Amino acid sequence: MGERAAGAAARSGAGRPGIELRGLYKSFGDHQVLRGLDLVVERGQTTVIVGGSGTGKSVTLKHMVGLLKPDRGRVFVDGEDITEYDSDRLVPVRRKFGYLFQSGALIGWLDVFDNVALPLRELSDLSEAEIRERVMEKLRLLQVHRAARRMPPEISGGMRKRVALARALIWDPEFVLFDEPTTGLDPILTATVDQMIIETRERTGVTSVVVSHDMQSARRIADKIIMLYQGRAIFEAPPAEFMASEHPIVRQFVRGELEGPITAELRAAERGLEAEEET
Amino acid sequence: MTLARQQPATDRPAPLRPRPAPHPLAEPVRQLGRALLQIVRNAGSDLLMLWRSLLWSRALWFKRHEVLRQCWVAGIGSLGVVAFVGCFTGMILSLAAGIELAKFGQQDVVGSLVAISMAREMGPFMTALILTANVGSSMAAEIGTMKVSEEIEALEVMSIDIHRFLVMPRLLAMMAVTPLLTVVANLLGNLGGAVVGYYQLGVTFSRYYHNAIDILDLKAIYTGLFKALVFGVIIAVVGCGKGLRTSGGALGVGEATRTSVIVCFLYIMVFGYVITALFYGGQLGGG
Ligand SMILES: Nc1ncnc2c1ncn2[C@@H]1O[C@H](COP(=O)(O)OP(=O)(O)O)[C@@H](O)[C@H]1O
Ligand SMILES: [Mg+2]
């Protein structure tokens, strides 16, 4: 057990920067989402990104695997600058990643087993028996093996997330990106998913980036919490320090207070919109 | 030359001059231009998608189950409607033409008339319209839903080529199913035409049959089947293309579905005409 953990730690090269975002700018039309985002994800750690809805957390994750290209700035994975890579050159980079999408993103016409087997079937020469073994191993790991022949619409949201995670883990990735893995789950399932993230890291030394706006679970799983606000990473700290921070924006977010800089900003923006409408 | 002279001016701040009021037609013209540009851009990306997916047809054996599934969904799902519509098309053609021909005592010719117009025009055309509504729209809806629920992005992160995984099976299935269903429509069209000819116009079945067989040459048949093949490609490409360009949630999916049907209809009209003109235009001898 200890040997295994030590091996995992060595493989993960803990402490080395795994993913680096440098000065990212991204806008959709005239909607500026990222404005000079700097962010480092260290290897072997679990980094949690928090921030209000629509602040660009998902957009940030998508930049890490080249699903979105920044208007300005650079993206490094393992020290490799992938900013300009096209999808062919991204293939080996993406092979290092597992990506758990916010909605699960399971293929609707494939059952649970076939969804998890999909990457192996499409991209490997493994025999059907080998595929079966690997898929069932992952399904068992996430305790959804009994639903192997169910269709995605027939299973609960929590199960869908776990199946999606099984698919994300099928290549034993070095990095796993979780987009709101616990949103919409009840407290017990949330704790289960959190436990799953922690265990995955302990067992495989995987580097995780978790997007969340659930401070409870952020505190449980994070080595480092980063706060995203108005397109920038405005604050980062280990969980305990983060929760106790006196930074006004972080403080309001952590405590979920109605009065503070975040809501003041929103009201100002609303007033701006109203003024625009009047002219 | 003019470009060179204008270049330095951009460095200096432009002098403040009251802007002239825009021409009243400026906005409509701009919108028209933008719409035309969008059509060209979409057609370009659709053509690229078609090319990439055709290249992937080398993976046909690997994806055979998926191709067969798509054939089954498209073919069986539309067979009844195609048969029904094909039959009535033949009946209508037979009746409409027969009434006029009977005035000259020429009603025997309906056999030739129905056979040739079903084979060359109406068979592929009616089949394509039904498949557009039945299969093309659901392709746009299905792939559009995948797009807005991040499934397309998930495939991309897994490095699964959507041309191979999604488009190729649908494309090949439509290329197989559309000509097959066209044959069904043609057979039933002629049956309908013959029945109407017998009961309404007094044309015996054998006379109808001989007239039909006499006029049907190989060219009429392969023109019709070629047309069906092209229509099949159009339906798959427009359906998949619209689906993949979907944005804006459930509303966007509805929009993609609706426009895929309209765009398909337009392409089918235009290509139907062009193919007939290519194969038969020379025979008219006119300008
Ligand atoms: N593909 C896209 N096209 C246009 N706008 C987008 C796109 N993706 C995200 N956005 C916009 O960017 C903003 C941030 O989105 P997102 O990263 O999903 O927020 P969140 O932090 O809640 O995950 C939102 O306002 C969203 O509307
Ligand atoms: Mg999000």
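Just so we're on the same page: letters track the sequence lines, and every chain starts at 1. Everything quoted here is computed from the prediction, not taken from an experiment.
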[atom1] of [X] to [atom2] of [Y]: how many Å apart, nearest 0.5 Å?
X      : Y      : atom1 : atom2 : answer
B:S159 : A:W171 : OG    : CH2   : 9.5 Å
B:E66  : A:W109 : CD    : CH2   : 6.0 Å
A:F101 : B:E151 : CZ    : CD    : 10.5 Å
B:L155 : A:I107 : CG    : CD1   : 4.5 Å
A:L68  : B:E153 : CG    : CD    : 6.5 Å

Is [X] in contact with chain B via its backbone, its side chain, both, or neither, using a 4.5 Å heavy-atom distance?
X      : value
A:I170 : neither
A:R95  : neither
A:V65  : side chain

Within 6.0 Å of [atom1] in [X], more than 12 heavy atoms from elsewhere:
X      : atom1 : answer
B:L47  : CG    : yes
B:F84  : CZ    : no
A:E133 : CD    : no

With sequence neighbours left out, the residues meeting side-chain contact (heavy atoms from CB on, under 4.5 Å) with A:Q102 are A:S58, A:D179, A:E180, B:E150
Out of A:L67, A:D88, A:L100, return the one with the most heavy atom pairs under 4.5 angstrom to chain B.
A:L67
May I ask you to decide if B:E156's main-chain N or O and A:R94's side chain share a donor-acceptor pair within less than 3.5 Å?
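Side chain of A:R94 to backbone of B:E156: a pair is present.
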Taking the side chain as C-beta and beyond, is there a heavy-atom pair between A:E122 and B:D161 under 4.5 Å?
no
May I ask you to list the residues in residues 147-165 of chain A that approach chain B closer than 4.5 angstrom, counting heavy atoms only, ordered by number?
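Listed by number, there are no contacting residues, so the answer is none.
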Do you know which two heavy atoms are closest between A:S103 and B:S149, and how far apart they sit?
OG-O, 3.2 Å
Shortest non-hydrogen contact between A:P119 and B:I160, atoms and distance:
CA-CD1, 4.2 Å
B:K63, B:M146, B:R69: which one forms the most heavy-atom pairs within less than 4.5 Å of chain A?
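So the answer, after comparing B:K63, B:M146, B:R69, is B:R69.
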